[in-house]
2 protein chains.
Amino acid sequence: MTTDTLNIRQMCDAFDVTPRTLRFYEAKELLFPIREGQRRLFTKRDRARLKLILRGKRFGFSLEEIRQLLDLYHMDDGQEAQLSKTYVLAERHLADMEAQKAELEEAIGELKEQMAWGAEKLAQLAKEKTAAA
Amino acid sequence: MTTDTLNIRQMCDAFDVTPRTLRFYEAKELLFPIREGQRRLFTKRDRARLKLILRGKRFGFSLEEIRQLLDLYHMDDGQEAQLSKTYVLAERHLADMEAQKAELEEAIGELKEQMAWGAEKLAQLAKEKTAAA
DNA sequence: CGTTACGTTTACGTGCGCGTCAACTTTGCT
DNA sequence: AGCAAAGTTGACGCGCACGTAAACGTAACG
């Protein structure tokens, strides 16, 4: 059994981020590594959260938005008071993501069109060069 | 026929951005409004580009990345030299977008799971309250 | 016991994407 | 002619998401 916690270096290697980034996320209350003396130890929970953080970033969400949403994935049975509020937040977030998906599909379609045009252009040019030879 | 160009105010209203943003995009060579005296007039081409800029931003691309990609949508027959290079860029961009789409779909799935869990929790709580009454 | 490696805090610096004045033209009413 | 509205060019400011350097702690190894 491998202690189930990672030190900062292992964590950085695992997710391709810098120590500064992890400390920054902790300061912003996105991660909560436990301490062994003054050193940080990142738990399974931190790894799950970091995965979601990096995903959120790729989708263009700010760290503050991400912080609020993280609660969603880590609600335990203690915080019923917040549950309803968090659920509403999640609904909005889901709507955002589905809108983004739709727009992304449209954009992919348009880009493919453009590329088809470009491919045709390139074929033409290749032909001209062959003809000139 | 309505002159086919928009002044800065009309452009701002049409896309819900500020004048500062449009001037900034021009400075960064993302837009190329023509000048009537010293005033800017935004053409159909600028409107098409701005639409793509705002879309790119929603997908989390930087303005510099967007600038490079914009050429893709505005290649005319003059720049054959760049065409091939731009095409390669487009392929990478397309791959990025499709990867993003896949990840987005996964994320949507996971979020829905979480929400189902939350919904169940909420139902439980409602039931308990009813029982207590 | 020194020094090397790894981690820590504190703090200032940086690039991006604009916001926000200030000072100045230009245009369109009245 | 006068004056407000709309637009222009600097220039500085700001929040975010870290980068980077300085100074310090500590555990391990030869």
Side-chain angles (χ1 to χ4, degrees), chain A residues 2-43 46-47 49-70 93 96 100 103, chain B residues 2-43 46-47 49-71 93 96 100:
Chain A
T2 144
T3 331
D4 201 41
T5 64
L6 301 183
N7 66 24
I8 201 165
R9 189 93 294 277
Q10 296 170 323
M11 192 74 171
C12 289
D13 292 347
F15 290 91
D16 193 32
V17 295
T18 69
R20 179 67 177 96
T21 298
L22 295 179
R23 296 193 192 104
F24 184 74
Y25 289 171
E26 184 186 4
K28 293 284 174 172
E29 303 193 279
L30 294 165
L31 297 177
F32 306 94
I34 58 180
R35 296 303 180 105
E36 180 194 44
Q38 75 173 346
R39 275 126 191 249
R40 291 169 177 81
L41 290 179
F42 294 87
T43 67
D46 290 312
R47 296 193 296 272
R49 292 175 73 92
L50 182 53
K51 182 183 170 188
L52 292 170
I53 292 167
L54 298 177
R55 166 180 287 171
K57 288 199 60 185
R58 280 192 294 278
F59 297 160
F61 295 104
S62 75
L63 291 184
E64 174 56 24
E65 288 172 319
I66 292 169
R67 191 188 60 75
Q68 294 182 35
L69 290 164
L70 276 175
H93 187 54
D96 284 0
Q100 188 167 345
E103 211 185 344
Chain B
T2 146
T3 331
D4 201 42
T5 65
L6 301 183
N7 66 25
I8 201 165
R9 192 91 291 278
Q10 295 169 325
M11 192 74 171
C12 290
D13 292 347
F15 289 91
D16 194 31
V17 294
T18 69
R20 179 66 177 97
T21 298
L22 295 179
R23 295 191 192 106
F24 184 74
Y25 290 170
E26 184 185 4
K28 294 283 173 167
E29 303 194 278
L30 294 165
L31 297 177
F32 305 95
I34 58 180
R35 295 305 179 105
E36 181 194 42
Q38 74 172 347
R39 276 132 190 242
R40 293 168 175 81
L41 289 179
F42 295 87
T43 66
D46 291 311
R47 296 193 296 273
R49 292 175 73 93
L50 183 54
K51 183 184 170 187
L52 292 169
I53 293 167
L54 298 177
R55 165 180 289 172
K57 288 198 60 186
R58 280 192 294 278
F59 295 159
F61 295 106
S62 74
L63 291 184
E64 175 55 24
E65 289 172 319
I66 293 169
R67 192 187 60 74
Q68 294 181 35
L69 289 165
L70 276 175
D71 298 340
H93 187 55
D96 284 359
Q100 188 166 347

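Lettering follows sequence order; numbering is per chain, from 1.
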Exercise. Side-chain N or O of A:Y25 less than 4.0 angstrom from OP1 or OP2 on D:dC18?
Worked result: yes

For this session: Report the distance from atom CD1 of A:I8 to atom C1' of D:dC18, rounded to the nearest whole Å.
Result: 14 Å

Exercise. Out of C:dT9, C:dG19, D:dT9, which nucleotide sits closest to the side chain of B:T18?
Worked result: C:dG19

For this session: Please examine the side chains of A:P19 and A:R9, heavy atoms only from C-beta on, and report whether any two atoms are closer than 4.5 Å.
Result: yes

Problem set entry | Heavy-atom side-chain contact between B:D16 and B:L54 under 4.5 Å | no

For this session: Look at A:T21 and D:dG19 and indicate whether a side-chain polar atom (N or O) is within less than 4.0 Å of OP1 or OP2.
Result: yes

For this session: Looking at every strand, decide which applies to B:R23 at a 4.0 Å heavy-atom threshold: base, sugar-phosphate, or nothing.
Result: base

Problem set entry | Atom-pair distance (CD on B:E26; P on C:dC18), nearest Å | 15 Å

Exercise. Does the side chain of B:N7 reach to within under 4.5 Å of the side chain of B:R39, using non-hydrogen atoms?
Worked result: no

For this session: Could you check how far CG of A:L22 sits from P of D:dC18, rounded to whole Å?
Result: 10 Å

Problem set entry | Whole-Å distance separating the CG atom of A:L31 from the P atom of D:dA17 | 14 Å

Exercise. Any idea which of C:dG7, C:dT20, D:dG7 is nearest the B:R20 side chain?
Worked result: C:dT20

For this session: Could you tell me the separation between the CE atom of A:M11 and the CG atom of A:D46, rounded to the nearest 0.5 Å?
Result: 5.5 Å

Exercise. Whole-Å distance between C:dG7 P and A:M11 CE?
Worked result: 13 Å

Exercise. Is any side-chain nitrogen or oxygen of A:N7 closer than 4.0 Å to OP1 or OP2 of C:dC6?
Worked result: no

Exercise. Taking atom P of D:dC18 as reference, at what distance in whole Å does atom NZ of A:K28 sit?
Worked result: 10 Å

For this session: Please state how far atom CZ in B:F61 lies from atom C1' in C:dC16, giving the value in whole angstrom units.
Result: 17 Å

Exercise. Please give, in whole Å, the distance from D:dG7 P to B:L41 CG?
Worked result: 11 Å

Seminar exercise, completed: Considering only heavy side-chain atoms of B:F24, the closest of D:dT8, C:dT9, C:dC18 is C:dC18

Seminar exercise, completed: 5'-most contact on DNA chain C (nearest-nucleotide basis), B:K57 vs B:R39, goes to B:K57

Seminar exercise, completed: Note: for B:Q10 and A:E64 on DNA chain D, the residue whose nearest nucleotide lies more 5' is B:Q10

Exercise. CG of B:L41 to CD of B:Q10: how many Å apart, nearest 0.5 Å?
Worked result: 9.0 Å

Exercise. OP1 or OP2 of D:dT9 less than 4.0 angstrom from a side-chain nitrogen or oxygen of B:R35, does that happen here?
Worked result: yes

